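Okay, so here's the structure we're looking at.
Keep in mind the model is a prediction, meaning the values are calculated, not measured.
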Number of protein chains: 2
Amino acid sequence: MQSAQEEDGSTVVYDDVLRIADPGPPKQAHGAEREAAAKRISIGDVARLADVAPITVSRALRNPQKVSPDKRARIEQAVAQTGYSINPHASALKSGRSNVVLAFASNLMSEQFASALKSCAAVLEDAGYLFLVGQTSYSYERETAALRSLHAMKPAAVMLTGVIELESNRELLRGLGIPIMETWALPRDPIDMLVGFSNTEAGRLAADILFRKGYRKVAYVGRRSGRGALRLQGFREGCQAKGITLVCEELVDDVTGVSDGRRCLASVMARPAKPDALFCSNDVLALGCMMEARRLNVRVPTDLGILGFGQSDIAAEIPPGLTMIGIDSALLGREAGAMLIASLSGTPPAQKLKRLDLVVSEGGSL
Amino acid sequence: MQSAQEEDGSTVVYDDVLRIADPGPPKQAHGAEREAAAKRISIGDVARLADVAPITVSRALRNPQKVSPDKRARIEQAVAQTGYSINPHASALKSGRSNVVLAFASNLMSEQFASALKSCAAVLEDAGYLFLVGQTSYSYERETAALRSLHAMKPAAVMLTGVIELESNRELLRGLGIPIMETWALPRDPIDMLVGFSNTEAGRLAADILFRKGYRKVAYVGRRSGRGALRLQGFREGCQAKGITLVCEELVDDVTGVSDGRRCLASVMARPAKPDALFCSNDVLALGCMMEARRLNVRVPTDLGILGFGQSDIAAEIPPGLTMIGIDSALLGREAGAMLIASLSGTPPAQKLKRLDLVVSEGGSL
DNA sequence: TTGTAAGCGTTATCAG
DNA sequence: CTGATAACGCTTACAA
């Protein structure tokens, strides 16, 4: 850490950042200095150094057992010496393949999506793929733009956080001729592969749980569109089936934070017909509802039961602990990764569709 | 929504997913059908259709004003008709450039990182770049692997969530000859550009705030390494400067959830010398501490003041509301994006270093 | 097992 | 403003 008195009298403070002077990759050849750094090393350079043909280097790198041990050793040494790495553009241009798996998420700020992407990345990276994530921001426009660039990029495979709704984009993805993974829902006709669960089922299950706990006048809080709409649909069906009254549906366009949930509960409780329980199809909203309930002196679960959807460990730990329906998002990511790898290896998975079970985590909010 | 009775008696339930049958991009030519879908359209095909040379198509796409209006119109029509999009691999191979900006985050599950990446992405995508995110998972090994693939990929620029510590990786990035953005700290010698803040300063400020509030026996809770270590260092300095006793340092290797924070507080309170206040250098840990305090019947702030670091809106809203030191991570992302764009446009920004102010958000926890 | 030749689709260069 | 030509670095196809 260091402070420096500037000429103008202001004090600029710098962090001392940890620096690790490791040996690193062997230096480029000898006195080449800056020259060498500027010039890219190509497969030809490595080949020359190892005294073999470029194609042999290519083979040694991609299929070591197809090259004799001595040449392989020479090549490996030359690679290490030069710090050579394959040019993926040239490689992709010629072969029409790449080792990049592209993922698209509607929203990186969702804990659940991030968790699924993380575990999926781990699986694919272990198999030698580069896993990169783009955002679509819950916008069809952005989604289309993202998928178009993808179309040109020819990744090895595509992982989607969600399912594609625009028919034109589905067509676009289908046309790529590469493995496509959709997730988080259960459409009858996925583009290619799917690891998902039924959102309507989740809604029905919610009604079921509330009924069994004795609630008869319930409210719904959630997103208006997408999976929120599916959960609501299932919830309506479930309420009807059980003879529960759905006293109100509080819908939002977008969830930006717990304050959205606060607003929802405030609005619900301001109505004449108050519910005895709430199903929040989103854990951030549920958290906001729990906080607002406390502020309004609405006791949970005595005055109002709250059931959430998701896996938020925070919601689970905040007294009285949110009861949630959800899925194991890390499992979703792992399963999706495994299916993608199978598909990429040329041995398509036996099942192109994997349905995840809903899990209920009991808290004290019901 | 649909249920189907399977032969084995199990019931499979499918979501009906919203499907939008939009017009989409104009269909490929005429009867070409599947053939056309399989064969990629290249710049030559478009050129033939527009009756110009391929290079003219290239120009029309990259620099429309350099092509006469009539030819440009013909080309645009041909592009629309064929649904042509440039092959980025061929383009990158030839030109050594690409429109991909690669970001690397140590952890996608951090709300703050996600927020910064989101706003940075928005800025760069508006400028026509494709913003993709990879993960390094707080591991030097993964970081090195990620950066190596990056080296080969020749992105237009690199955005890093954090600063690079390994000297060999710094060297690697420097050698790329493209704009590099580091963030979240304030090293004296960034690789290229930097939008950050002083973590040691944050630690000193924490000591300052606790002192002013009257606390004299404090504890530290945070990550052992990286920025956590810097904040601790500053905190130690600040405590010494103010004459505050730092009764204990509770360090963790990794933060996976609020339960880590619970454990920390439990451990702190089990010691003989109890603190009257806590500085948590991470908001998830702070949240865990607040929850555990309640469980232990430690009143906040009466028995124990808690000061956090971050921006968590949840922590701010949970009674009594966490007081936090932090930065505006969306601003960080925007500033980084703007500097990258300036640099990419060939007009390097006047300032290659932008220091963000620390902001204190007052809650009731002190 | 190894090598030769050719070309993937684009753009830099230079000429018209 | 437009075009011919060559080349980017790699891998497929084929030959030895």
Here the salt bridge (charged side-chain N to carboxylate O under 4.0 Å, His left out) pairs for residues 84-93 of chain A, sequence neighbours left out, are none
For residues 86-107 of chain A, which residue pairs qualify under salt bridge (charged side-chain N to carboxylate O under 4.0 Å, His left out), counting only residues two or more places apart or in two chains?
-> none
Extract all donor-acceptor atom pairs below 3.5 Å that involve side chains of residues 62-73 of chain A and protein atoms in other chains or at least two apart in sequence.
from    : atom 1 : to      : atom 2 : distance (Å)
A:Asn63 : OD1    : A:Gln65 : NE2    : 3.4
A:Ser68 : OG     : A:Asp70 : OD1    : 2.7
A:Arg72 : NE     : A:Pro64 : O      : 3.1
A:Arg72 : NH2    : A:Val67 : O      : 3.3

In a table with atom names and distances, give each donor-acceptor pair under 3.5 Å that connects a side chain of residues 124-135 of chain B to protein atoms at least two apart or in another chain.
from     : atom 1 : to       : atom 2 : distance (Å)
B:Glu125 : OE1    : A:Arg142 : NH1    : 3.3

For nucleotides 8-10 of chain D, print each protein N/O atom paired with a nucleotide N/O atom at under 3.5 Å, atom names and distance only.
from   : atom 1 : to      : atom 2 : distance (Å)
D:dG9  : N2     : A:Ala90 : O      : 3.4
D:dC10 : OP1    : A:Tyr84 : OH     : 2.3
D:dC10 : OP1    : A:Asn87 : N      : 3.4
D:dC10 : OP2    : A:Ile43 : N      : 2.4

[X]: partners by side-chain contact (heavy atoms from CB on, under 4.5 Å), with sequence neighbours left out:
| X | answer |
| --- | --- |
| A:Pro54 | A:Ile43, A:Ala47 |
| B:Ser345 | B:Ile341, B:Thr347 |
| A:Ser98 | A:Ala92, A:Val100 |
| A:Ala50 | A:Val52, A:Arg74, A:Ile75, A:Ala78 |

Select base, sugar-phosphate, or nothing to describe what B:Arg97 touches, counting heavy atoms under 4.0 Å on all strands.
-> sugar-phosphate
Atom-to-atom span, CD of B:Gln65 to P of D:dC1 - whole angstrom | 9 Å
With B:Asn99 via side-chain hydrogen bond (donor to acceptor under 3.5 Å, both in side chains) - residues at least two apart = none
Using a cut-off of under 3.5 Å, enumerate the N/O to N/O pairs linking the protein to nucleotides 13-16 of chain D.
none

Using the side chain to side chain contact (heavy atoms under 4.5 Å, CB included) rule, pick out the option among B:Thr183, B:Leu353, B:Leu340 that qualifies with B:Met193.
-> B:Leu340
Nucleotide range of DNA chain C contacted by chain A, 5' to 3', under 4.0 Å to a heavy atom?
-> C:dT1 to C:dG9
